[in-house]
Every structure is written in structure tokens, then in C-alpha cells.
Engineer: 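Starting off with a structure, shown below.
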Amino acid sequence: MRLAVNIDHIATIRQARQAREPEPLLAALLAEQAGACGIVCHLRGDRRHIQERDLRLLRAVIKTKLNLEMAATPEMSAIARKIKPDVVSLVPESPAEVTTQGGLEVISQRKRLVPYIGQLKRAGIRVSIFVDPEEKQIAACREVGVDLVEINTGKYAEAAKEKERAKHLAQIKRAAAYARSLGLEVHAGHGLDYYNLTPIVAIEEISELSIGFAIVARAAIVGISRAVQEMLALIKR
Ligand code: PXP
């Protein structure tokens with residue numbers, strides 16, 4: 001199973017101060033060096049973290065694959081066709097949300113999504129949909145012509161009680177098997193961390209995980225001693 005690293009929250013830290021660092025491109029290169037199979041970033045309509053400049057730099061420099069998460073809007077389609085990421089992941093987006101709130105509602109948008117996805121594919125971009133673990137939604141993903149799906153693990157990750165978590169895990173397993181049976185490549189992500197990951201890794205049909213927040217949060221903690229030591233060394237000098 002491969003790991004793609006989402007670097008949005010490196011940009012969140014930078015944007016909190018409207019500063020020049022931390023540089024998402026540098027984080028992406030280090031993630032690649034550490035073994036990530038790809039870099040994921042979400043260009044939001046409100047540009048709260050990743051900027052178009054980051055996308056251009058990532059496209060030019062990273063050596064693995066670039067997966068651009070975006071809402072299915074005309075603006076984002078034009079940007080994607082210009083930048084040409086390896087994969088576009090279509091996600092629902094609402095301005096008030098702290099993070100993506102669930103999978104895309106595909107069934108009711110089938111008519112609109114077919115030409116939207118067709119245009120991206122003609123530009124040479126593989127297309128994925130972030131989808132809840134529901135067979136009906138996954139069947140609709142197949143119908144609208146995507147190459148792969150990313151199953152939303154958010155509800156599984158958030159479940160407070162063991163019984164509830166087991167229910168969501170079973171849904172993810174069923175959904176992954178169903179998506180594979182339709183010939184789709186299956187990825188998964190959202191809310192995965194160092195504590196809830198293992199049962200997801202055991203699902204054979206899932207070939208790639210997309211993880212962001214937990215890795216950036218852990219990096220801040222494991223990096224703090226060194227960052228303080230470096231500052232103290234400067235003070236002492
Ligand atoms: N997959 C999708 C579609 C997402 O929107 C996100 C969050 O940007 C992730 C995966 C990664 O989630 P997390 O940051 O919780 O690891």
C-alpha cells in the first residue's frame with residue numbers, strides 16, 4: 001500500500017502569518033525523499049492554504065505524482081488543465097467548513113460530471129472522486145467515467161465508540177471490494193492517523209492512502225526539540 005502525503009497544512013501555517021515559510025514545496029520534497037508515492041494538495045476557492053503559486057512550483061519540481069484536490073467548478077477545471085497534475089480528486093467544498101465534510105454527492109450530479117470529467121481526461125489528467133463508502137455512490141462514480149475513487153474514511157476516523165468504528169470499517173471494506181469489482185483503482189483517506197491506520201492498511205483492495213493533518217501535526221511535535229536547539233545555538237553564538 002502506497003502513501004501520498006497531503007501538504008495543505010504546511011501552507012496553513014505559512015498563511016497564518018502571511019509569511020514566506022514554511023515552504024510547502026520543501027515539505028513535498030522531503031516527503032518524497034522519505035518514501036511518499038505522491039503529493040496531494042487542495043486548492044480551495046478561498047485560497048486559505050495552498051496558492052496557485054504552490055501548485056506551479058510543485059508541478060515543476062516534484063518527481064513522484066501530483067494529486068490536486070479541488071471542487072468541480074469551472075475555475076478549478078481551467079487551472080487543472082493549465083497545471084496538468086497527474087490526478088485530480090474531485091471533492092465537495094463549502095466555504096464555512098474547517099475540512100472536507102464528506103464524499104461528493106455523485107448521483108444527483110451525474111449529468112454535470114460526465115462532461116466535466118471528460119474534459120479533464122482529454123487534457124491527460126486521471127480523475128478521482130472522493131466518495132463515501134456507499135455502493136450507490138460508487139456505482140455512479142463508475143458511470144461518470146473516473147479512473148479511481150478515494151473512499152472517505154472520515155466517519156470511521158471520527159467514531160468515538162468501538163462498535164460504531166467497526167460498522168464504518170465494515171462499510172469501507174465492502175465499498176473497496178465493490179469499487180475494485182467495477183474495475184476502479186481504490187484509494188482511501190481523511191482523518192487517518194497513527195492510531196486508527198492499521199485496520200485500513202489490512203484492506204487489500206486499497207492501494208493508496210492520502211494522509212495530511214496527522215503527519216503535519218506529528219512533524220511539528222517531533223521537530224520541536226531540534227528547532228529550539230538550533231535557536232539556542234544561534235543565541236549562544
Ligand atoms: N482526502 C481528501 C479528499 C481530503 O480532502 C483530505 C483533507 O484535505 C485528505 C484526504 C487528508 O485528510 P487528513 O488531512 O485528515 O489526513
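Both ligands and their constituent atoms are indexed starting at 1 by order of listing. Numbers for residues simply follow the sequence, beginning at 1.
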Engineer: Under 4.0 Å from a heavy atom of Val91: give me the atoms of ligand 1 that qualify, with their elements.
Structural biologist: 3 (C)
Engineer: How far is atom 15 (O) of ligand 1 from the closest protein heavy atom, and which atom is that?
Structural biologist: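 The closest one turns out to be Gly191 N, 2.9 Å.
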Engineer: Relative to ligand 1, is Asp8 under 4.0 angstrom through side chain, backbone, both or neither, heavy atoms considered?
Structural biologist: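 Contact part for Asp8 vs ligand 1: side chain (C-beta onward).
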Engineer: Looking only at protein heavy atoms, which one is nearest to atom 14 (O) of ligand 1, and what is the separation?
Structural biologist: Phe213 N, 2.9 Å
Engineer: Is Thr99 close to ligand 1, meaning an N/O of one under 3.5 Å from an N/O of the other?
Structural biologist: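 No; every N/O pair is 3.5 Å or more apart.
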Engineer: For atom 6 (C) of ligand 1, which protein heavy atom lies nearest, and how many Å away is it?
Structural biologist: His190 CD2, 3.4 Å
Engineer: Which protein non-hydrogen atom lies closest to atom 11 (C) of ligand 1, naming both residue and atom, and how far is it?
Structural biologist: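 Atom 11 (C) of ligand 1 sits closest to the protein heavy atom Ser210 O, 3.8 Å.
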Engineer: Nearest to atom 2 (C) of ligand 1, what protein heavy atom do you find, and at what distance?
Structural biologist: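 Nearest neighbour among protein heavy atoms for atom 2 (C) of ligand 1, to 0.1 Å: Glu69 OE2, 3.1 Å.
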Engineer: Are any of the N/O atoms in Thr100 less than 3.5 Å from those in ligand 1?
Structural biologist: yes
Engineer: Taking only residues two or more places apart in sequence, or in another chain, which ones meet Leu3 in a side chain to side chain contact (heavy atoms under 4.5 Å, CB included)?
Structural biologist: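 Partners of Leu3 under the side chain to side chain contact (heavy atoms under 4.5 Å, CB included) test: Val5, Ile211, Ile215.
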Engineer: Using a strict cut-off of 4.0 Å, indicate which atoms of ligand 1 neighbour a heavy atom of Asn6.
Structural biologist: 8 (O)
Engineer: Just which atoms of ligand 1 are under 4.0 Å from any heavy atom in Gly212?
Structural biologist: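 That gives atoms 13 (P), 14 (O), 16 (O) of ligand 1.
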Engineer: State, with a plain yes or no, whether a side-chain heavy atom of Arg14 is found less than 4.5 Å away from one of Pro24.
Structural biologist: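 Contact flag for Arg14/Pro24 side chains = yes.
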Engineer: Tell me if a side-chain donor or acceptor on Gln51 pairs with a main-chain N or O of His49 at a distance below 3.5 Å.
Structural biologist: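 Yes, because the side chain of Gln51 sits within donor-acceptor range (under 3.5 Å) of the backbone of His49.
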Engineer: Membership question, hydrophobic clusters at under 4.5 Å side-chain separation (ILVMFWY): are Ile138 and Val87 in the same one?
Structural biologist: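 No, it is not one cluster - the side chains of Val87 and Ile138 are not joined through contacts under 4.5 Å.
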Engineer: Do Glu32 and Thr64 have side-chain N/O donor and acceptor atoms under 3.5 Å apart?
Structural biologist: yes
Engineer: How far apart are the closest heavy atoms of Val106 and Gln137, and which atoms are they?
Structural biologist: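 The pair with the smallest heavy-atom distance is N-OE1, 2.8 Å.
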Engineer: Is there a nitrogen or oxygen of Glu150 sitting under 3.5 Å from a nitrogen or oxygen of ligand 1?
Structural biologist: yes
Engineer: Cluster partners of Val91, using ILVMFWY side-chain heavy atoms under 4.5 angstrom, listed by chain and number?
Structural biologist: Phe130
Engineer: Would Ile211 count as a polar contact of ligand 1, with the cut-off being nitrogen or oxygen pairs under 3.5 Å?
Structural biologist: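 No, there is no polar N/O contact under 3.5 Å.
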Engineer: If Ile, Leu, Val, Met, Phe, Trp and Tyr residues are connected whenever their side-chain heavy atoms lie under 4.5 Å apart, and connections chain through other members, are Leu58 and Val61 in the same group?
Structural biologist: yes
Engineer: Just distances here: any N/O of Ala214 and N/O of ligand 1 closer than 3.5 Å?
Structural biologist: no
Engineer: Which heavy atom of Glu205 sits nearest a heavy atom of Val186, and at what distance?
Structural biologist: O-CB, 3.5 Å
